Chemist: 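My questions all concern the structure below.
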Amino acid sequence: MKAEEAFAPLKQRALAEWQGLQESSRPLILVGTATCGQAAGAQAVLEAVREATGRLGLEADIMEVGCIGLCYIEPLLDIVKPGRPRISYSNMTPKLAAQVIEDYLVRDNPRPDLALAIVDGEAMDGIPRLFDLPMLKPQVRIVLRNCGYIDPKNIYHYIARGGYSGFLRALSMPPKEVIDEMKKSGLRGRGGAGFPTGQKWEFCRNALGDEKYIICNADEGDPGAFMNRSLLEGDPHSVLEGMLIGAYAIGASEGYIYCRAEYPLAVDRITLAIHQMEECGLLGDDILGSGLSFRLKLRQGAGAFVCGEETALMASVEGRRGMPRPKPPFPANSGLWAKPTNINNVETWGNTSIILQKGADWYASFGVPGNTGTKTFSLVGKVVRTGLIEVPLGLTLRQIIYDVGGGIVGGKAFKAVQTGGPSGGCLPASLLDRPVNYETLAAAGSIMGSGGMVTADEDTCMVDLARFFLSFTYRESCGKCPPCRVGTRQMLHILERITRGQGEAQDLDHLQEIGQTMIQGSLCALGGTAPNPVLTTLRYFRDEYEAHILERRCPAAACKELTQYYILADKCQGCLICLRACPVQCIRGDKRLVHIIDQERCTKCSTCLQVCPFDAVARVSGKAIEVPSETIPVTAPPPRRGGG
Amino acid sequence: MAQELEAIFQKHKRERSSLISVLQEVQYKLGYLSPEAIAEIARFLKISESEIYGVATFYAQFRFTRPGEHEIKVCLGTACHVRGGERILEEMERELDIQAGGVTPDYKFSLEKVACFGSCALAPVMVVGKEVHGRMDPNRAKKIIRALR
Ligand SMILES: Cc1cc2nc3c(=O)[nH]c(=O)nc-3n(C[C@H](O)[C@H](O)[C@H](O)COP(=O)(O)O)c2cc1C
Ligand code: FES
């Protein structure tokens with residue numbers, strides 16, 4: 001076959017390069033330097049690695065890799081000694097990294113005390129296998145298959161691990177069969193709504209017009225979600241190969257990747273990846289002699305959430321204000337410049353490449369019927385193990401939050417999990433045993449969304465969380481249709497009043513009514529789903545609203561206007577710690593004199609609560625605590641030593 | 001200025017769809033979109049200035065006033081909200097004595113709030129220039145700023 005022949009030299013070179021790396025006589029050191037890794041300090045670790053290998057005169061290869069998802073214990077450093085399995089070390093600091101390198105590479109001590117796991121081999125020296133760790137055990141890596149394993153800046157690493165073989169297979173089939181394969185896989189769009197991907201492609205393939213476009217939606221505007229960022233940073237070619245396959249199946253000649261500007265590293269990685277594809281003849285005219293001509297362009301978003309909506313995104317690519325328009329006509333018939341256009345999410349494209357590589361049946365063997373495959377989630381908020389995960393569809397919320405996420409930080413009580421971001425809802429503990437799929441989440445009043453999963457504990461006020469989301473959608477509403485423009489404004493106004501303790505009895509009915517109007521009347525799904533955080537909290541946490549309105553009390557003691565801080569006379573040691581830490585100097589007292597907070601000037605920043613070593617600061621709502629009016633001598637018994 | 005911008009213009013087609021990319025590159029270069037820059041862009045793309053303002057003001061990314069030498073961005077996305085991002089912002093407002101959206105009189109610092117940088121697992125997050133700092137607390141945030149003074 002012609003395309004395969006044309007591809008053979010690329011494959012050969014890739015295998016040689018990859019094998020060289022695997023069978024090298026030099027040790028290989030890997031550092032996870034995705035954005036999350038850098039936020040944890042990976043750059044300093046990388047520099048320490050370079051410094052240490054230089055200082056010790058070690059001949060080692062150093063490779064930067066994407067995120068493996070264990071963000072909560074980043075920075076991660078991995079070492080492969082020739083002939084040995086890859087050992088991963090977590091929570092690295094520059095000093096620790098240098099130490100590990102010296103101990104393992106010079107003294108042959110793999111430091112089991114510092115090691116996290118063996119990445120690709122059997123457990124040894126008491127170090128467990130990576131996929132036996134509780135966070136990884138329930139996971140299945142399909143779309144994240146290469147993240148953390150390859151150098152995302154090297155197309156040959158991707159090719160060596162099977163990359164672009166899905167595209168080759170697609171080329172060997174008529175386009176219609178490629179679409180059938182996609183349909184058979186059961187893949188549903190990962191951008192939020194879950195529309196069957198193969199069917200969407202078919203609409204566009206069948207649409208009249210000789211010029212067609214495809215788009216990769218990498219706007220990822222849901223705050224608290226970073227699945228798309230991670231994939232693009234860690235394995236950009238898996239997404240771009242998906243687009244090539246889509247171009248062939250649909251008959252598109254041009255593709256756009258719309259990536260938010262807040263992801264500069266992802267933008268760099270895509271730019272480089274496109275360049276490499278061009279150099280390898282995987283973009284341009286007559287790709288691999290197949291007759292397919294396809295070009296890819298990158299466009300950066302400019303900070304507008306609504307531009308994640310497909311018609312708004314297209315307006316933005318055309319250089320206009322990113323405002324949605326009514327559908328129909330659907331993009332499949334009239335999209336970019338009124339030409340037939342197919343748009344899919346980053347993760348949808350990332351799945352496409354592996355589906356074509358391994359086959360629809362293989363893909364459909366994961367997950368459950370109707371919800372096949374895996375889904376990535378960004379597990380964040382108050383869970384112990386925050387990070388990026390990929391699990392088969394159908395796991396329960398409890399399995400995700402407790403088994404994978406390790407439960408709630410500090411042993412606090414779980415209160416809610418928020419899925420789907422500003423378009424989604426807050427689900428209570430009673431729904432934790434629901435399986436996660438498109439239908440169950442919708443039935444509970446939320447949505448799957450793109451995969452943001454934010455967990456809240458007892459310290460989070462659900463009314464305040466609803467207010468937070470409405471302040472977001474209010475700001476991001478494009479203003480084109482009144483239900484959304486006015487509705488978000490009104491809802492926000494009411495929620496602000498309630499969280500300030502000025503709520504009125506009829507507010508809850510008004511919220512419900514406005515919400516219904518927005519759902520029915522909004523032009524696009526931004527307004528149509530913006531009430532979800534309010535409606536779900538009203539449904540599951542009504543008592544919290546009522547406490548705010550009827551008792552002027554915030555049960556979580558989180559709403560500032562309803563909360564007071566007191567220093568407890570029977571616990572205060574007069575140690576000056578809070579007094580010195582208070583950013584507005586509103587604490588009086590002296591050494592061995594009980595401290596007092598000036599309620600008038602207190603900004604309720606909670607610094608005193610965080611710094612007090614004696615649990616002497618109380619945060620309460622709806623009741624006052626008796627405290628001395630003058631700074632009397634300390635009477636509390638001295639704390640027992642050693643108890644912490 | 002015209003010359004500075006010419007280099008950017010040369011990379012783009014003289015068509016409507018180049019507008020946002022051109023605005024972005026001009027802002028990367030100058031730090032903000034000055035009235036003079038908008039006038040130049042209007043001339044290059046043959047679009048009226050008012051239309052360019054119409055597009056540019058729609059997007060949160062674009063700014064029309066000079067930023068500080070160090071741009072401080074505090075994340076108030078959902079994960080950071082739940083993990084106390086507001087406390088970081090308040091601390092920065094006190095430390096710099098400006099409100100979010102403001103710039104210090106000496107143009108050394110400007111302060112902004114942003115909804116999510118995608119490092120949510122390390123919330124709360126603050127970005128200084130191009131550097132992302134995770135697992136912030138008010139004290140660490142203050143130290144980072146003080147080191148830049
Ligand atoms: C307000 C709003 C924001 C959206 N943001 C995104 C986004 O950031 N990423 C995304 O893929 N889809 C987003 N969508 C959904 C897109 O309109 C579209 O359905 C999706 O890109 C289709 O891809 P899929 O079929 O692969 O899911 C958003 C929709 C709305 C209404
Ligand atoms: S919510 Fe702050 S980085 Fe995502």
Side-chain angles (χ1 to χ4, degrees), chain A residues 35-36 38-41 71-72 74 220-226 228-230 261-264 266 299-305 307 316-323 378-382 386-388 418 421-422 452 454-456 460 465 468-469 472 476 478 581 583-584 603 605-607 610, chain B residues 15-25 27-28 45 47 51-52 54-63 73 75-87 90-91 93-95 114-123 125-127 130-139 142:
Chain A
T35 305
C36 42
Q38 294 192 9
C71 309
Y72 77 112
E74 279 188 293
E220 194 157 64
D222 167 5
F226 58 93
N228 294 172
R229 172 188 68 69
S230 253
E262 289 87 342
Y263 289 174
R299 285 295 163 86
Q300 288 185 49
F305 173 65
C307 285
S316 182
V317 171
E318 292 170 13
R320 295 183 285 120
R321 288 166 75 96
M323 291 163 120
S378 66
L379 199 54
V380 297
K382 296 287 185 73
T386 56
L388 180 71
Q418 212 282 343
V454 188
T455 304
T460 308
L465 194 58
F468 165 81
F469 280 114
F472 180 82
E476 297 295 338
C478 80
V584 294
T603 60
C605 70
S606 87
T607 302
Q610 318 267 339
Chain B
E15 59 188 30
R16 176 67 188 227
S17 65
S18 305
L19 175 57
I20 294 173
S21 307
V22 169
L23 288 170
Q24 283 168 330
E25 285 184 40
Q27 176 156 313
Y28 289 143
L45 288 176
I47 304 175
E51 240 195 293
I52 293 181
V55 171
T57 53
F58 181 85
Y59 296 98
Q61 185 187 20
F62 298 119
R63 53 180 304 152
K73 295 177 184 165
C75 179
L76 293 184
T78 319
C80 292
H81 173 78
V82 171
R83 289 251 188 177
E86 271 85 5
R87 293 181 52 221
E90 284 165 14
E91 187 69 34
E93 290 183 334
R94 267 194 300 270
E95 176 69 20
V114 171
C116 196
F117 291 104
S119 296
C120 329
L122 293 124
V125 171
M126 177 171 99
V127 176
K130 283 188 175 141
E131 254 178 58
V132 187
H133 299 268
R135 299 177 188 139
M136 276 293 106
D137 64 47
N139 264 328
K142 196 154 63 183

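Throughout, a chain's letter reflects where its sequence line sits, starting with A, and its residues are numbered from 1. As the structure is a computational prediction, the values presented were derived from the model and not from experiment.
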Chemist: Would you mind reporting whether B:Leu19 and A:Arg320 have side-chain heavy atoms less than 4.5 Å apart?
Modeler: no
Chemist: Locate the shortest heavy-atom distance separating B:Cys116 from A:Asp222; write the atom from each residue and the value.
Modeler: SG-O, 4.5 Å
Chemist: How close do A:Ala261 and B:Gln24 get, heavy atom to heavy atom, and via which atoms?
Modeler: CB-NE2, 4.4 Å
Chemist: Side-chain contact, heavy-atom cut-off 4.5 Å: B:Arg94 with A:Val584?
Modeler: yes
Chemist: Pick whichever of B:Ile47, B:Val132, B:Asp137 has the most heavy-atom pairs under 4.5 Å with chain A.
Modeler: B:Val132
Chemist: Which pair of non-hydrogen atoms, one from B:Gly118 and one from A:Phe226, has the smallest distance, and what is that distance?
Modeler: O-CB, 3.2 Å
Chemist: Under 4.5 Å from any heavy atom of chain B, what part of A:Gln300 do you find: side chain, backbone, both or neither?
Modeler: both
Chemist: If you count heavy-atom pairs under 4.5 Å between each of A:Gly421, A:Ala40, A:Gly322 and chain B, which one has the most?
Modeler: A:Gly322
Chemist: Of all of B:Pro138, B:Gly84, B:Gly54, which one pairs up most often with chain A through heavy atoms under 4.5 Å apart?
Modeler: B:Gly54
Chemist: Which one wins on heavy-atom pair count under 4.5 Å against chain B: A:Ala302, A:Cys36, A:Gly224?
Modeler: A:Ala302
Chemist: Give, for atom NE2 of B:His81 and atom CD of A:Gln418, the distance between the pair rounded to the nearest 0.5 Å.
Modeler: 11.0 Å
Chemist: Check whether any side-chain heavy atom of B:Val82 sits under 4.5 Å from a side-chain heavy atom of A:Leu465, and report yes or no.
Modeler: yes
Chemist: Between B:Val55 and chain A, with a heavy-atom cut-off of 4.5 Å, which part of the residue counts as in contact: side chain, backbone, both or neither?
Modeler: both
Chemist: Can you give me the closest heavy-atom contact between A:Ala39 and B:Leu122, atom names plus distance?
Modeler: CB-CD1, 4.2 Å
Chemist: Are any of the side-chain heavy atoms of A:Ser316 and B:Phe58 separated by less than 4.5 Å?
Modeler: no
Chemist: For chain B, which candidate among A:Ala266, A:Gly303, A:Ala456 shows the most heavy-atom pairs at distances under 4.5 Å?
Modeler: A:Gly303
Chemist: Below 4.5 Å from any heavy atom of chain B, which atoms of A:Thr35 appear? Answer side chain, backbone, both or neither.
Modeler: both
Chemist: Which answer fits B:Ala123, side chain, backbone, both or neither, if we ask what part of it has an atom under 4.5 Å from a heavy atom of chain A?
Modeler: neither
Chemist: Which answer fits A:Val317, side chain, backbone, both or neither, if we ask what part of it has an atom under 4.5 Å from a heavy atom of chain B?
Modeler: backbone
Chemist: Side chain, backbone, both or neither: which part of A:Ala225 has a heavy atom under 4.5 Å from chain B?
Modeler: backbone
Chemist: With respect to chain B, which residue among A:Pro422, A:Gly301, A:Gly41 yields the maximal number of heavy-atom pairs within a distance under 4.5 Å?
Modeler: A:Gly301
Chemist: Just verifying a value: how many Å separate A:Thr386 OG1 and B:Arg135 CZ, rounded to the nearest 0.5 Å?
Modeler: 7.5 Å
Chemist: Who wins among A:Gly387, A:Pro583, A:Ala304 for the most heavy-atom pairs under 4.5 Å with chain B?
Modeler: A:Pro583
Chemist: Find out whether B:Asn139 and A:Gln610 are in side-chain contact, i.e. whether some heavy atom of one side chain is under 4.5 Å from a heavy atom of the other.
Modeler: no
Chemist: State, to 0.1 Å, how close B:Ala79 and A:Gly381 come at their nearest heavy-atom pair, and which atoms those are.
Modeler: CB-N, 4.5 Å
Chemist: Is there a side chain to side chain contact (heavy atoms under 4.5 Å, CB included) between B:Thr57 and A:Arg321? Walk through the geometry before answering.
Modeler: CA-CA 9 Å; B:Thr57 53; A:Arg321 288 166 75 96; 4.2 Å; yes
Chemist: Quick one: are A:Phe472 and B:Leu76 in side-chain contact, heavy atoms under 4.5 Å?
Modeler: no
Chemist: A:Ser606 and B:Arg87: which non-hydrogen atoms are nearest, and at how many Å?
Modeler: OG-NE, 3.4 Å
Chemist: Would a 4.5 Å heavy-atom cut-off, applied to side chains only, mark A:Arg299 and B:Ser17 as touching?
Modeler: yes
Chemist: Measuring heavy-atom distances to chain B, does A:Phe305 have an atom under 4.5 Å in its side chain, in its backbone, in both, or in neither?
Modeler: neither
Chemist: Could you tell me which of A:Lys382, A:Glu220, A:Glu476 has the largest number of non-hydrogen atom pairs under 4.5 Å with chain B?
Modeler: A:Lys382
Chemist: So do the side chains of A:Gln38 and B:Glu131 get within less than 4.5 Å of each other, counting heavy atoms only?
Modeler: no
Chemist: Please state whether the side chain, the backbone, both or neither of A:Tyr263 comes within less than 4.5 Å of a heavy atom of chain B.
Modeler: side chain
Chemist: What part of A:Cys478 is in contact with chain B, defined as an atom under 4.5 angstrom from a non-hydrogen atom: side chain, backbone, both or neither?
Modeler: both
